[in-house]
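Report on one structure; see the data block that follows.
Count residues from 1 along the sequence.
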Amino acid sequence: MKRILIITLLSLSVVSSASAKPLSYNKITPHPRLLMTAGQEKKIAKLLEDGTNAHLCNANELIFSFAESLFDQPCVVRPAKGHILAQSREVEKRVLYLAYAYRITGDVRYAKRAEEEMLNACGWYDWDPGHWLDTAEVMTALAIGYDWMYDYLSQETKDIVTDALINKGLRTAEGQKWYNVDYNWNQVCNSAMIGTSLAVYEHIPDEAQKYIAKSVESNPKAMAVYAPDGAYPEGYGYWNYGTTYQILMIEYVRTALGQELGIEKSPGFLKSAEFIQMMETPAGKSYGFYDSATEQLMMPMVFWFARECKDNSLCWSACGMLEKERTKTYTNKEVDRFLPCALIYASQLDLTKDAKPSRTVYHAAGKTPLYIYRSGWDSPMDTYLGVKGGVPTNNHAHMDNGSFIYEQNGVQWVTDLGMQSYGSFYKHNISIWDFKQNSQRWDCYRMSNQSHSTLIIDDSNHNVNGKAEIFEIISDKGVKGCKVDMGPTLSPFVTSATRTFTLDSENTVLEISDVLTVEKGNDHILKWNLITRANPRIESENSIILTKKGHKMRLEVVSGQKVTPMAESANSENVYDMPNYGVSRVGFIFDLAAGETCDIKVKLTTLE
């Protein structure tokens, strides 16, 4: 309770500190004023000139390769109906890459092609203000393009772009609900409002100041979720999305006004760089809980965190992803649309400093409690354990309290399936944004507890209001792990439940101990669930052998309960659920007697 009170007070201090600093507009920077001011091109050129930083040269090549490919393509077409987020993001990527190429080389071919894309988007009848996220991303594209190419654009083009940014962008924000939320929409939309207001400031100074003030007042709601330890509640992929726009907002004000918003010092924000680093596994996967990808992403803004924290280890993974052999696998679609920011912020680092991370344990409280252990940074064969708490009513949450992933010898023995495309649900008229106890959301396989490595009683949903806290960290003579309070999650079937994870000093045995006290009224059936991409074989009534890539792992019940083993395909019969090829659902089924306290121990043991 005391910890919760402290977090609340910290969150309130974020709001008051961010709101207490009015901005001055007396010395606004001439164009270009957003992110990459005049002269920054020389720093980037110096970074690339001798080829020493090969991975950053690769990033630069990716940008130019994409920019060149656009000369043979038509401009992005706005769909006649439906949301336009995909098209907004494509415009954003095209304009940023082309404008960057123009800034670095001075070649007007890039500026001309970017101008075509911008004028095309200005001609769309609207930017989908009913789904304002789409609007925000078009605004970001055009605001940066307008600013970065200000010296090239004709007055006629400037007038068209300015008019669109004001009337199809800024003035459509009135009454939008995202001002009052605490998730990624707040960050993306407020960032677009501030960036656009600064881009067109000379045209509507009084109006721009009001927009900026309103966004500065609104944004701390979203910043509060990083407290106290940096774990972003919406997970790996949405950290990249929300935090990228958060940084854009911070840098817009720094580069255009030479001032600080103060929000960059919000509790947990800078520490979130450690969170995202530890969410990436030795074998190049990610801890993709909630609606996230399960593959590692190249996140440009980690270079910003490395600069802010004076810690080059924070961009270790990103540098690795930009090595030549890995970038060969990229397609134009996979490369992050904000990749130019990696070059901007890397050029402000001393890259001669050692960048190898040293941290092996990360623990975070907050909206989505986490425990992560990683045995090292030298090999894809290293051991990785990730455990999460939380509550299913978090934005983008799945019903996965008490779930975990486990990786060793280059194999992810216990996995999280990650997200399924929202559109695949929409076309079947499935409502996925209702988080109530028995909503359709929890019928969707990847969002339900059935597809996660957790405990399930009577095949029922977890309690959507029951938050699982990680309340103890274990570190004793090489043994490491954590304890999770599963009581609220499994209520009303139990009166208490604790799930304990311990990994031995040799990293060869992971034990999961579940102690549950059953409610007195009824008997129940407990399903000890585990999701794996390994091949399962039931060895006995209390053990299952998992095999993958020439390695073996034994999953076994080591306490005395009578159990029934299970091993089945992790596929759903629902037409709207995507198939999970090569994934199995394994584990054990236990009988729980009314009123009893039972201690169930299951071990995952490395065999070879």
Problem set entry | Aromatic ring proximity Phe404/Phe501, centre distance under 6.0 Å | yes
Exercise. Is the Tyr422 to Trp433 ring centre distance short of 6.0 Å?
Worked result: yes
For this session: Give a yes or no on whether the ring-centroid distance for Phe305 and Trp239 is below 6.0 angstrom.
Result: yes
For this session: Check each of Phe435, Tyr290, Tyr241, Tyr238 against His396 using the ring pair (Phe, Tyr, Trp, His ring centres under 6.0 Å) test, and report the only one that passes.
Result: Tyr238
Exercise. Looking at Phe289, Phe269, Tyr226, Phe275, which one forms a ring pair (Phe, Tyr, Trp, His ring centres under 6.0 Å) with Tyr232?
Worked result: Tyr226
Exercise. Which atom names give the shortest non-hydrogen contact between Arg359 and Ser313, and what distance separates them?
Worked result: NH1-OG, 3.8 Å
Exercise. Counting distance only, does the side-chain N/O of Glu234 pair as donor-acceptor with the main-chain N or O of Asn395 below 3.5 Å?
Worked result: no
Exercise. Is there a donor-acceptor pair closer than 3.5 Å between any side-chain N or O of Asp229 and the backbone N or O of Gly366?
Worked result: no
Exercise. If only atom types and distance count, is the side chain of Tyr362 paired as donor or acceptor with the main-chain N or O of Gln277 below 3.5 Å?
Worked result: no
For this session: Can you spot which of Asp459, Asp514, Asp591 makes a salt bridge (charged side-chain N to carboxylate O under 4.0 Å, His left out) with Lys527?
Result: Asp459
Exercise. Is Asp400 paired with Lys388 through a side-chain N to carboxylate O contact shorter than 4.0 Å?
Worked result: yes
Exercise. Hey, are Glu539 and Arg554 close enough for a salt bridge, meaning a charged N less than 4.0 Å from a carboxylate O?
Worked result: yes
Problem set entry | Backbone of Gly389 reached by a side-chain donor or acceptor of Glu469 within 3.5 Å | no
Exercise. Is Trp413 reaching over with its side chain to a backbone N or O of Gln408, donor-acceptor style, under 3.5 angstrom?
Worked result: yes
Exercise. Within the distance-only criterion (no hydrogens, no angle test), does the side chain of Glu274 pair as donor or acceptor with the backbone N or O of Gly230 below 3.5 angstrom?
Worked result: no
Problem set entry | Aromatic centroids of Tyr384 and Tyr406 separated by under 6.0 Å | no
Exercise. Is there a donor-acceptor contact under 3.5 Å from the side chain of Asn190 to the main chain of Asn186?
Worked result: yes
For this session: Check the pair Asp599, Ser513 against side chain to side chain donor-acceptor pair (under 3.5 Å), reporting the backbone distance first and the verdict last.
Result: CA-CA 7 Å; Asp599 186 350; Ser513 174; 3.1 Å; yes
For this session: Run the numbers on Ser403 and Asp416 for side chain to side chain donor-acceptor pair (under 3.5 Å), then give the verdict.
Result: CA-CA 9 Å; Ser403 66; Asp416 194 302; 4.8 Å; no
For this session: Let me see the working for Tyr245 and Phe338 under ring pair (Phe, Tyr, Trp, His ring centres under 6.0 Å), right down to the final yes or no.
Result: CA-CA 10 Å; Tyr245 278 90; Phe338 290 103; 5.5 Å; yes
Problem set entry | Matching residue for Lys467 among Pro488, Pro369, Pro392 - test: side-chain contact (heavy atoms from CB on, under 4.5 Å) | Pro369
Problem set entry | Check ion pair Asp577-Arg446 (N to O, under 4.0 angstrom) | no
Exercise. So, the side chain of Thr244 versus the backbone of Asn240: is there a donor-acceptor pair under 3.5 Å, distance only?
Worked result: yes
For this session: Taking all heavy atoms of Ser191 and all of Leu248, pick out the closest pair and write down the distance.
Result: OG-CB, 3.7 Å
